[in-house]
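So the structure is just underneath, and the comments pick up after that.
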Amino acid sequence: MTAAPAPPAGIDCDLLVVGSGASGLAAAVTAAWHGLRVVVVEKAPVFGGATAWSGGWMWVPGNPLAQRAGIREDPQQPRTYLKNELGGRYDAARVDAFLDNAGPMVSFFERNTRLAFVDGNGIPDVHGRVPGAASGGHQVIAAPYDARELGALNRRLRTTMRETAFLGMPIMAGADLGAFLGMTRSPKSFLHVAGRVARHLRDLAFHGRAMHLVNGVALVGRLAGSAQDLGVRLMESTSATRLLIAEGAVRGACVATAGGPCEIRAVRGVVLAAGGFPNDIERRKALFPRTPTGREHWALPPEGCSGDGITLGESAGGTLDTDVASPVAWAPVSRVPHADGTIGHFPHIIDRGKPGVIGVLSNGKRFVNEADGYHDYVAAMVAQVPPGEEVCSWLVCDHRFQRRYGLGHARPFPLPVGRSVRSGYLQRANTVEALAAACGIAPAALRDTVERFNMHARQGADPDFGRGSTHYNRKMGDPLHTGPNPCVAPIEQGPFYAVKVLPGSFGTFAGLRTNGHAQVLGQDGRPIPGLYAAGTDMASVMGGFYPSGGINLGPAMTFGFIAGRHAAGARDDARTGTP
C-alpha cells in the first residue's frame, strides 16, 4: 500500500497566485521577473485553467506588433470606442489602466520571457458602426510553441479542449484554420493540412499528445515555461481554502494539498485568478438570466472554475460587482455526445458567419445577424425566446455548406457526417419542412424563412439583418466564396442539416470590485492591503459588454501584469522592462 504524501511544511514567499490561467501566470511571471519569490497554486491536476481551452486571442490596442506593421492609431480611438460601447459603465480609471498598460504588457513579455506573439492586424472590432471601432490592429495571439522545450512541465499542462481539436491536435485560429476549411479547394491548403496531420500523428506515436501548441495552450505553455525559468514554484492539485490576514492585510493562504493542509505565507499578498464562477451553480442561478435552476447553461471553462477566488475575496471584505450589462460572457454552444458516453460542448464561433447557414428560433424565424459576435448571438437568443420556452436556437444549412465548412462539431469533407447524424447531434432531412418537424420548429415558417433568405442571398444581400455589411461580418465569412457577399449564399441543396444551439459561456463578467492597480476594493471603496484580483475573478473592465474578440484574455494578461508590478513595487519603464 502506497503511503499518502506528507503535507508540505509551511511555505514562505513574497507573492501567492491562486489560479494558473493567463492572468495568474502573467502576474506570477511579472512579479518573479521583478525579483519576488512567487508561488502559484492550481486546484486542478493540470495548469492552464480556461485559457488552455480558449482561442487565445487578446484585445490589446496600441500593441507593438501593430506599430511595427505601420498601424498608427490615435490613443483616443479605442477610448472613444469603449465610451460608446460601455456608456454609463465606462470606468475611466480602469479603462485608462488597461489601455495605458496593454501595449507595454506585450513589449514586456516579448523582451523578457518565452512569450512571442503573432499579430491579428486584420481582425476588426465587432461593432463596426460604433464610433471609434477599428478595422484592425487590436489583436495578438501567442505564437505556436514546440512543447518539447518544456520538458517534463509539458505533461503538467492542460491539453486543448477535446471538441475543438482534431485527433487531439489544436488548430490555430487564422491561416491554419483557413487551410483546414479550404483544403478541398486549394492544393496549397491541402499540403499544409497533410503536413500538420502527419507531424501530429508522429507526435502521438512518440509522445502521446500534441507537441505543436497553438491558441490558448501555446499561451499557457509559454507563460508556464517562463515562470519555471524565473523560479516560480508551481503547485497543482492544490486549492486555496482560506486567506491569511494579519493586521488588516492579506498575507497568504491556507491550501489543501494531496498530503494535507499547508500554510503559504506571502509578505506581498495574494493574487486571485481562479477563473470566475462559470461553474458555480448557485451563483449562476442567482445572476444569470433565464437560468432558474442554475443548470440551464453550458459553460465552456473547466469545472474547477467555480467561484473559489470570488469566495476568498469576499471573505476578506471584497465585494462582488454585479452592476454589469451582462454577468456572463455568452458563447453559443451545442452538446456533443461522445462515443464513450460523455457529453462535450462545442462553441459556435466560426460557422455562423459562413455563407449558406442561418439561425432560427422554434417559430422558424431568424432573430439576429448570424455573422455578428458570438456574445451578441446568445444575447439575442436569450432576449427573444418567448417566456416559458427552452432558450435555444437551431443553425440550419444545406449539404453543400456542411461538406464545405462543417456544422459545429460535425466536420467538413472528407470526414464522414454519418456518426453525427446517428448520435442525434445533427438532424438531417431531405426537405426543409421535414427538417423543421424533426427539430420541433414550425415547418411552414421555416420554409418561408429559407425561401426569403435564398431570394436575397442569390444577390448577395440580407435586407433583414444586414449580414456582411461590416468589416467584422466579412472577416467571419469565406474569402473564397464567389458571390458578392462572403457571408451569404442560398440554402437549397438537400439534404438539409440542423444543430441545436444553447446558451453557454466563455466565463463571467461579474467579479470582485477592483481599482486600476488590480487591488480588490472593500465595501468602503478602499483597497484591501495585499489582495489583488485579475482575469475573471475581477469585474470585467468592459462592464459586461463584448466590444471585440479577445476582451477576456487581453485585460486578463494586462491586469495580471499590473498586479505583478504593483506587488513588486515596480518603478521601471514597463515598455522596455529596464530598471
Going by atom types only, do [X] and [Y] share a side-chain donor-acceptor pair under 3.5 Å?
X      : Y      : result
Tyr145 : Arg114 : yes
Asp125 : Ser548 : yes
Asp376 : His127 : yes
Arg129 : Ser469 : yes
Thr514 : Arg94  : yes
Asn552 : Tyr546 : yes
Trp59  : His138 : yes

Nearest-0.5 Å distance that lies between atom [atom1] in [X] and atom [atom2] in [Y]:
X      : Y      : atom1 : atom2 : value
Leu157 : Glu236 : CG    : CD    : 9.5 Å
Ser135 : Ile71  : OG    : CD1   : 8.0 Å
Arg268 : His566 : CZ    : NE2   : 11.0 Å
Glu42  : Leu25  : CD    : CG    : 9.0 Å
Ser54  : Leu219 : OG    : CG    : 7.0 Å
Leu15  : Arg37  : CG    : CZ    : 11.0 Å

Exam field: side chain [X] to backbone [Y], donor-acceptor pair closer than 3.5 Å:
X      : Y      : result
Asn63  : Val60  : yes
Asn101 : Phe559 : no
Thr470 : Asn473 : yes
Lys354 : Met476 : yes
Tyr532 : Ala273 : no
Arg251 : Ala266 : no
Asp537 : Ala274 : yes
Asn112 : Phe108 : yes
Thr51  : Gly21  : no
Ser23  : Gly560 : no

Assess the residue pair Ile141 and Asn215 against the criterion (side chain to side chain contact (heavy atoms under 4.5 Å, CB included)); give the C-alpha distance rounded to whole Å, side-chain angles, the decisive distance to 0.1 Å, and a yes or no.
CA-CA 7 Å; Ile141 191 170; Asn215 303 341; 3.7 Å; yes
Residue of the set Val46, Leu150, Leu234 for which side-chain contact (heavy atoms from CB on, under 4.5 Å) holds with Arg156:
Leu234
Matching residue for Arg89 among Asp323, Leu82, Val541 - test: side-chain contact (heavy atoms from CB on, under 4.5 Å)
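It is Asp323, the one option of Asp323, Leu82, Val541 that forms the side-chain contact (heavy atoms from CB on, under 4.5 Å) with Arg89.
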Val250 and Ile528: side chain to side chain contact (heavy atoms under 4.5 Å, CB included), yes or no, with the steps?
CA-CA 8 Å; Val250 175; Ile528 298 171; 4.2 Å; yes
Where is the tightest heavy-atom contact between [X] and [Y], given as atom of each residue plus distance?
X      : Y      : value
Ala143 : Arg222 : O-NE, 3.0 Å
Arg284 : Ala299 : NH1-CB, 3.9 Å
Asn515 : Pro527 : ND2-CG, 3.7 Å
Val328 : Gly507 : CG2-O, 3.6 Å
Gly535 : Ala556 : CA-CB, 3.9 Å
Met542 : Pro547 : SD-CG, 3.9 Å

Check step by step if side-chain hydrogen bond (donor to acceptor under 3.5 Å, both in side chains) holds for Lys43 and Ser306.
CA-CA 11 Å; Lys43 179 170 68 173; Ser306 55; 3.2 Å; yes
Output yes when Asp372 and Arg467 qualify as a salt bridge under the 4.0 Å nitrogen-oxygen rule, no when they do not.
no
Quick test of your reading of the model: are Arg265 and Asp12 salt-bridged, counting only N-O distances below 4.0 Å?
yes
Would you check, one step at a time, whether the test salt bridge (charged side-chain N to carboxylate O under 4.0 Å, His left out) holds for Asp91 with Arg513?
CA-CA 12 Å; Asp91 181 341; Arg513 193 183 305 275; over 6 Å; no
Below 4.5 Å, heavy atoms only, C-beta onward: do [X] and [Y] meet side chain to side chain?
X      : Y      : result
Asp74  : Arg79  : no
Cys305 : Phe277 : no
His375 : Phe545 : no
Ile11  : Arg233 : yes
Val39  : Val17  : no
Leu99  : Pro61  : yes
Tyr90  : Asn84  : no
Leu512 : Leu272 : yes

Does the gap between the ring centers of Phe506 and Tyr374 come in under 6.0 Å?
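Phe506 vs Tyr374: aromatic centres under 6.0 Å.
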side-chain hydrogen bond (donor to acceptor under 3.5 Å, both in side chains) between His348 and Ser334, worked out:
CA-CA 8 Å; His348 290 265; Ser334 51; 2.7 Å; yes
Take Leu115 and Leu223 through the test side chain to side chain contact (heavy atoms under 4.5 Å, CB included) and record every step on the way to the result.
CA-CA 6 Å; Leu115 187 48; Leu223 285 171; 4.0 Å; yes
Check whether NZ of the Lys or CZ of the Arg Arg352 lies under 6.0 Å from the centre of the six-membered ring of Tyr377 and within 45 degrees of that ring's axis.
yes
Under the side chain to side chain contact (heavy atoms under 4.5 Å, CB included) criterion, do Val106 and Phe117 qualify, and how do the steps go?
CA-CA 8 Å; Val106 174; Phe117 300 90; 3.7 Å; yes
Please lay out, stage by stage, how Arg283 and Glu314 fare under the test salt bridge (charged side-chain N to carboxylate O under 4.0 Å, His left out).
CA-CA 14 Å; Arg283 289 192 196 270; Glu314 289 174 326; 2.8 Å; yes
